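Everything on this sheet refers to the single structure shown next.
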Amino acid sequence: MTKPREKTREELTAEIEDRKKKIRQFENREKMLRQKLSVEERKARNHRLCKRGGFMESLVPELIAMPDEEAKAFLRLALTSEPAQEFLKKRAEGGNAE
């Protein structure tokens, strides 16, 4: 069995530089993927918020004409009511909230 030849200093330096370049490429790819994930998460959140806002407006059409502060006060009042709190408590316990 023959012993493999040892690499020269120049070959080792070139290999190190090549590996550093690959590391930078992988880091850039990771950064791009993280940005893409962030965009997708933001789109999903926006979709969910619009959908739920639409539900609220369909149930309480008066919300459409209300100023933001009044709508906020109405929703806070509705969600802190005893029936709403019971619903949330049952849901948190894993029971059927309906």
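Because the structure is a prediction, the values reported are computed rather than measured.
- Proximity of a side-chain donor or acceptor of Thr13 to a complementary backbone N or O of Arg9 within less than 3.5 Å is detected.
- Distance check, rounded to the nearest 0.5 Å: CD1 of Ile23 to CG of Asn28 gives 12.0 Å.
- With sequence neighbours left out, the side-chain contact (heavy atoms from CB on, under 4.5 Å) criterion links Glu70 to Met66, Pro67.
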Just do the side-chain contact (heavy atoms from CB on, under 4.5 Å) check on Glu11 and Thr8 with the steps written out, would you?
CA-CA 5 Å; Glu11 289 173 324; Thr8 65; 3.3 Å; yes
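- Ion pairing between Glu17 and Lys21 fails under the 4.0 Å rule for side-chain N and carboxylate O.
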Where do Arg45 and Glu41 land on the salt bridge (charged side-chain N to carboxylate O under 4.0 Å, His left out) test, with the steps shown first?
CA-CA 6 Å; Arg45 180 176 186 271; Glu41 288 172 345; over 6 Å; no
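- More than 12 heavy atoms of other residues, nucleotides or ligands sit less than 6.0 Å from atom CD of Gln25.
- How far CD of Glu30 is from CZ of Arg34: 4.5 Å, rounded to the nearest 0.5 Å.
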Give every donor-acceptor pair under 3.5 Å between a side-chain atom in residues 51-58 and any protein atom, sequence neighbours left out.
{"from": "Ser58", "atom 1": "OG", "to": "Gly54", "atom 2": "O", "distance (Å)": "3.4"}
{"from": "Ser58", "atom 1": "OG", "to": "Phe55", "atom 2": "O", "distance (Å)": "2.7"}

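- Evaluation of the salt bridge (Lys or Arg N to Asp or Glu O under 4.0 Å) rule for Arg42 yields no partner, not counting sequence neighbours.
- Few gaps surround CD on Glu40; more than 12 heavy atoms of other groups in view lie less than 6.0 Å from it.
- Annotation for Leu79 and Ala84: closest pair O-CB, 3.5 Å, computed over non-hydrogen atoms.
- The side-chain contact (heavy atoms from CB on, under 4.5 Å) with Leu33 is formed by just one residue from the set Arg29, Lys31, Gln35; it is Arg29.
- Leu37 and Val39 are assigned to two separate hydrophobic clusters, defined by single-linkage of ILVMFWY side chains at heavy-atom distances under 4.5 Å.
- Within a 6.0 Å sphere centred on CG of Asp68, heavy atoms belonging to other residues, nucleotides or ligands number 12 at most.
- For CZ of Arg48, the number of neighbouring non-hydrogen atoms (other residues, nucleotides, ligands) closer than 6.0 Å is greater than 12.
- Within the model, atoms NZ of Lys22 and CG of Asp18 stand 5.0 Å from one another, a figure rounded to the nearest 0.5 Å.
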